[in-house]
Amino acid sequence: ATFFHLNRYYLVLGIIASFIIPGISISGVTQPYDLSLTNYIETSWIETSYPVPATMPDIGVDTEVNYTLIFSVIYLIGVSIMFIRLLLWIARYVRLISSHEVRFVDNIPVISTSESHAFSFFNVIVLPAHGVNPAILAHEKVHVKQCHWIDLLLIELACAVLWFNPFVFLYRKAIKLQHEYLADSHTIESGVTMENYLHCMLNQLQLENSLVLVNKFHTHPIKNRIMMMTKTKTPMKFKTVYLLLIPVLCLLLVAFSSKPVAFTSEIVTDN
């Protein structure tokens, strides 16, 4: 679907909900179920004919491995590595921005560096010193104006916490792709011709997409972006499909947040 804004909000809210829903507790009225009411179990026939020794002999039982502790340590090591990696990336680009003169274009900070490609980092646009096509600058402006860096920071934090889950990295890829769809769409709507824009994209094919907390003009898969730019707009009536998310969220809220039914396990014995 070409509902890029809705897709973006859906993905971002999905991240937030995945952390909030498990922490919500729905306290409802529960009726305790007393097992003693069945009165079916009799224990009068049980005899303790075997004497219990005063001291248990030492049979040399091996110490049980604490798997919980082992997995916890591995998880914390993974989280630490991911957070350090993220902080190093942020520090790198903060140093890059602080070491260059900042000028403003439409109230957006812009710097020119020795980088070979244009990208945006937080609310700053970084351009190569040799200059870029105005279409690329218009593209990066969309990233900054729509605050796409917030989504990127959020998903990077989620990747750090859920580093063991491969799906979270696919989720990150989907969010970055939606950002590119949005920037492409708004750039063309701003007056940039399709031919000029496609020419800019083709000129950037040789660049590598190695940056994380940045939005670049060139990102893979470029074929998907071209298809979306030339695709017929999805009819507005299909927006109602997103209403199906409401009962799904309600179901998840009940399934993961409800408290278990309380019961008692007293057993009545007949002597």
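Between Ile70 and Asn66 the shortest side-chain heavy-atom distance does not fall below 4.5 Å. Residues Ser99 and Arg95 form no side-chain contact, since every pair of their non-hydrogen atoms from C-beta on lies 4.5 Å or further apart. Put simply, the side chain of Ile15 does not reach to within 4.5 Å of the side chain of Leu11, judged on heavy atoms. Contact of the Phe167 side chain with the Leu162 side chain is not registered, since no non-hydrogen atoms from C-beta on lie closer than 4.5 Å. Looking only at side-chain heavy atoms (C-beta outward), Ile111 and Arg103 stay at 4.5 Å or farther from each other. Side-chain contact check for Thr187 versus Val142: some heavy-atom pair is nearer than 4.5 Å. For the pair Leu154/Val12, a side-chain contact is recorded, criterion being any heavy-atom separation below 4.5 Å from C-beta on. Counting heavy atoms from C-beta outward, His139 and Tyr197 have side chains that approach closer than 4.5 Å.
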* To do: Could you check His148 against Lys176 for side chain to side chain contact (heavy atoms under 4.5 Å, CB included), going step by step and ending with a plain yes or no?
  => CA-CA 9 Å; His148 291 172; Lys176 296 189 74 172; over 6 Å; no
* Might you work through the side chain to side chain contact (heavy atoms under 4.5 Å, CB included) test for Asn133 and Asn196, ending with a clear yes or no? => CA-CA 9 Å; Asn133 190 302; Asn196 182 24; 3.4 Å; yes
* **Derivation and outcome, side chain to side chain contact (heavy atoms under 4.5 Å, CB included), residues Lys145 and His186** => CA-CA 11 Å; Lys145 290 179 179 179; His186 282 267; over 6 Å; no
* Apply the test side chain to side chain contact (heavy atoms under 4.5 Å, CB included) to residues Leu157 and Phe83: give CA-CA distance (whole Å), side-chain angles for both, the deciding distance (0.1 Å), then the verdict. => CA-CA 8 Å; Leu157 292 175; Phe83 269 108; 3.6 Å; yes
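Screening Phe121, Tyr93, Phe122 for a ring pair (Phe, Tyr, Trp, His ring centres under 6.0 Å) with Trp149, the sole residue that qualifies is Phe122.
Taken together through direct or relayed side-chain contacts under 4.5 Å among Ile, Leu, Val, Met, Phe, Trp and Tyr, Phe164 and Ile74 form part of one hydrophobic cluster.
Proximity of a side-chain donor or acceptor of Glu140 to a complementary backbone N or O of Ser120 within less than 3.5 Å is detected.
Nearest heavy atom pair, residue Leu127 against residue Ile125, reads CD2-CG2, 3.7 Å. Nearest approach of Ala129 to Ser112, heavy atoms of both residues: CA-CB, 4.2 Å. Closest approach of Trp163 and Val79 over heavy atoms only: NE1-N, 3.4 Å. Tyr171 and Ile155 get closest at one heavy-atom pair: CD2-CD1, 4.0 Å. Closest approach of Val144 and Asn123 over heavy atoms only: CG1-O, 3.7 Å.
Relative ring orientation between His179 and His143 is described as perpendicular, the plane-to-plane angle rising above 60° on a 0-90° scale split at 30° and 60°. Between Phe119 and His117, the ring planes are tilted. Angles from 30° to 60° get that label.
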